[in-house]
2 protein chains.
Amino acid sequence: MRSRVTLADVAARAGTSKTTAHYVLNGRDQEMRISEDARQRVLAAAGELGYRPNLMARGLRTDVTRTIALITDTVASGQFAGQLVYGSLEAAARHGHLLFVCETDDDPEIETRLVEELLDRRVDAFLLATSSTREVEIPPALEKSRLVLLNCRAPHTGVPSVRPDEVQAGHDAVQVLLDAGHRDGIWVVGEAGEHVVAGRERRAGMRRALTAAGVELAGRVECHWWPESAFEAVDAWLAAGTRPRALVCLNDRVAMGAYQALARHGLRIPDDVSVVSFDDSDLASWLQPQLTSIAIPHYELATRAVDLLLADPVAEFAEHRVPMPVRLRDSVAPPA
Amino acid sequence: MRSRVTLADVAARAGTSKTTAHYVLNGRDQEMRISEDARQRVLAAAGELGYRPNLMARGLRTDVTRTIALITDTVASGQFAGQLVYGSLEAAARHGHLLFVCETDDDPEIETRLVEELLDRRVDAFLLATSSTREVEIPPALEKSRLVLLNCRAPHTGVPSVRPDEVQAGHDAVQVLLDAGHRDGIWVVGEAGEHVVAGRERRAGMRRALTAAGVELAGRVECHWWPESAFEAVDAWLAAGTRPRALVCLNDRVAMGAYQALARHGLRIPDDVSVVSFDDSDLASWLQPQLTSIAIPHYELATRAVDLLLADPVAEFAEHRVPMPVRLRDSVAPPA
DNA sequence: ATGAAAGCGCTAACAT
DNA sequence: ATGTTAGCGCTTTCAT
């Protein structure tokens with residue numbers, strides 16, 4: 001049994017031509033003025049035989065496969081894979097498409113090979129996603145394909161992109177502290193490197209909020225985006241005698257390290273020190289007290305990107321910014 | 001430009017028939033005794049034109065697409081998505097296949113619809129994965145497809161499965177404590193429900209190790225598999241005066257809750273209480289002290305499953321058990 | 001209102 | 001050793 005029921009089988013059973021069967025099964029019977037009688041017979045035949053069109057054959061004729069590809073650098077292996085893939089999945093399904101997932105390991109050669117394989121299979125459209133916000137080159141082979149960028153952008157190419165609104169997020173993080181009454185002793189904890197776009201944008205937003213309120217940042221604690229690094233940095237800094245009133249941690253893992261250091265020095269959250277953070281990963285609600293964090297809306301980002309990708313007609317160029325929701329929890333209190 | 005360079009173009013440029021071009025491009029020139037001259041011309045033509053076969057057309061003829069599907073219940077949205085998808089990706093690429101990722105949300109109707117869509121596109125083989133170990137029904141439509149089960153099994157169906165060796169893991173967790181010299185005050189923290197297969201198997205393994213050493217479990221603390229639940233349970237239990245020497249937590253999140261409760265009662269890890277756990281999630285190395293945990297080898301599970309799926313000839317039936325590696329860290333010490 | 005036939009790009013059985 | 005030809009299952013133009 002090489003193949004299942006074909007259109008020819010349905011037509012034969014209905015006593016019509018393939019053409020007639022085709023039109024009714026593709027909802028073009030009105031347009032083609034197929035008789036009600038023929039319509040019924042085709043529908044019945046298709047139902048009885050359990051007819052399903054062979055999408056390879058259709059694709060060969062029409063060059064549409066109703067498949068899209070999510071090409072990521074190192075996203076799929078990272079901690080946020082879940083929501084990103086899940087969002088793409090949900091949106092793709094909503095549009096009647098299936099999703100190929102690929103990972104390039106950040107290797108242009110692998111990327112090229114993958115794109116070729118995808119194109120060989122006539123994938124309809126592509127999502128290019130990066131784990132950290134940055135600028136990317138569009139693989140030449142994709143130049144004439146439908147394409148949306150996720151978390152990255154390709155300047156001057158006219159390729160639409162979807163990114164979290166990190167600037168607003170930075171603003172909101174500081175605003176949470178301001179709203180609680182903090183004006184002094186607000187420190188930033190995290191990586192200063194200007195090459196980390198998300199960090200840079202968050203800091204820009206923070207500055208805006210601070211300036212608007214006429215408040216000065218007390219300073220910055222340098223560390224990498226991991227609990228251990230954050231613990232060591234904050235620990236050493238507290239040991240040196242600094243007494244902060246509020247910490248803006250550049251992500252939840254940094255916040256976790258800060259929690260550990262604060263605890264070690266007998267400082268209580270939020271009574272002695274308030275903490276806000278970014279990511280709203282699972283960690284945020286696992287920490288004690290639960291951490292107020294600005295969420296990265298992975299699911300939203302992905303669905304927006306796919307909706308854009310599959311929009312009809314093709315969505316016009318834009319750099320979309322998805323808001324990052326503030327998740328208020330228990331790590332912020334008014335200054336003592 | 002509907003289509004790219006076709007085999008006919010290559011043949012024309014090489015001055016041969018499509019057949020000849022086909023044979024050399026598919027490495028069957030020896031077998032077909034194509035002349036060296038023709039071979040060279042075809043290869044040159046293909047190279048110059050940048051020929052790539054249209055896999056839709058090939059698939060229509062041969063019914064092979066070099067694609068596989070990973071169908072998960074709620075895995076893709078869960079925290080372990082990354083390594084599972086990544087492993088499948090890596091292995092699929094190694095076999096020259098592309099990967100469709102799907103999620104059923106544990107809804108049989110969605111599953112049926114998804115399987116149909118996949119079959120419509122002539123996917124070569126299927127991976128059925130569940131987030132928690134359990135028994136599953138094989139969707140009827142998949143009965144005659146290549147299929148491997150990941151983390152689940154379908155008794156009496158002859159469908160191969162790949163699962164973590166939870167029993168051995170349970171044994172190993174206890175053995176870590178035994179090796180450190182613990183014989184008294186060993187408690188298990190987690191969910192007792194016999195319906196959680198992983199928990200049941202882990203406990204069976206633990207019993208085996210205990211029995212072999214002639215050691216008795218001190219008891220069990222009941223809680224759900226989350227930090228907050230674990231914190232509350234352990235906290236209440238410590239408040240009641242119990243003083244454990246070692247804790248076997250049924251996963252890292254439970255361990256995190258236990259850490260918090262232990263800290264609250266002034267009990268130090270590992271000096272006062274040793275802790276071992278399961279999962280080896282990121283958390284394990286973020287906690288202080290770093291947590292000794294038995295890893296769930298998601299990446300390994302996925303690659304094994306795909307290798308089995310794409311084995312040639314078809315792999316024979318077996319219930320494969322992948323070892324769960326012990327990650328020794330700093331949360332275990334000899335009893336004081 | 002319905003059907004015959006061509007053709008998408010490839011593979012393979014069958015000539016020569 | 002190479003070419004001719006007939007499909008795979010579908011869509012669509014063109015006849016009737």
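The figures here come from the full heavy-atom set of this structure, side chains too, leaving out hydrogens, waters and symmetry mates. All of these numbers come straight from a predicted model, not from anything done at the bench. In what follows, chains are A, B, ... by sequence order, proteins preceding strands, each numbered from 1.
In this structure, the helix from C/dA1-D/dT16 to C/dT16-D/dA1 shows an angle of 50° between the axis at its start and the axis at its end, each fitted on 5 base pairs and rounded to 10°.
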I'd like a list of close polar pairs between nucleotides 12-16 of chain D and the protein, N/O only, cut-off under 3.5 Å.
unit_1	atom_1	unit_2	atom_2	d
D/dT12	OP2	A/Arg28	NH1	3.2
D/dT12	O4	A/Thr19	OG1	3.3

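Across A/Arg41, A/Gln40, A/Arg39, a single residue satisfies side-chain hydrogen bond (donor to acceptor under 3.5 Å, both in side chains) together with A/Asp37, and that is A/Arg41. Screening A/Thr104, A/Leu70, A/Leu149, A/Val148 against A/Leu128 for a side chain to side chain contact (heavy atoms under 4.5 Å, CB included) leaves a single residue, A/Leu149.
As rounded to whole Å, 13 Å separates atom C1' of D/dC10 from atom CG of B/Asp120. To the nearest angstrom, C1' of D/dG9 lies 11 Å from CE of B/Met56.
Side-chain contact between A/Thr65 and B/Met56: present, with at least one pair of heavy atoms (C-beta onward) separated by less than 4.5 Å. Side-chain atoms of B/Val314 and B/Arg146, non-hydrogen and from C-beta on, do get closer than 4.5 Å to each other.
The side chain of B/Leu60 approaches D/dC8 more closely than any other nucleotide in the set C/dC10, D/dC8, D/dT2. Checking D/dC10, D/dT2, C/dT11 against every side-chain atom of B/Ala38, the shortest atom distance belongs to D/dT2.
For the pair A/Thr6 and D/dG9, the criterion of a side-chain N or O lying under 4.0 Å from OP1 or OP2 is not met. For C/dC10, the OP1/OP2 oxygens have a side-chain nitrogen or oxygen of B/Tyr51 closer than 4.0 Å. When the side-chain nitrogen and oxygen atoms of B/Asn54 are compared with OP1 and OP2 of C/dC8, none of them lie within a distance under 4.0 Å. Between A/Thr20 and C/dG3 there is a side-chain N or O to OP1 or OP2 distance below 4.0 Å.
In terms of position on DNA chain D, the residue among B/Ser35 and B/Ala57 whose nearest nucleotide sits closer to the 5' end is B/Ser35.
Residue pairs meeting the ring pair (Phe, Tyr, Trp, His ring centres under 6.0 Å) criterion with at least one partner in residues 100-147 of chain A, sequence neighbours excluded, are A/Phe100-B/Phe100.
More than 12 heavy atoms of other residues, nucleotides or ligands lie within 6.0 Å of CD in B/Glu36, so this atom counts as buried by the packing criterion.
Salt-bridge formation is detected for the pair A/Arg28/A/Glu31: a Lys NZ or Arg NE/NH1/NH2 atom is positioned less than 4.0 Å from an Asp or Glu carboxylate oxygen.
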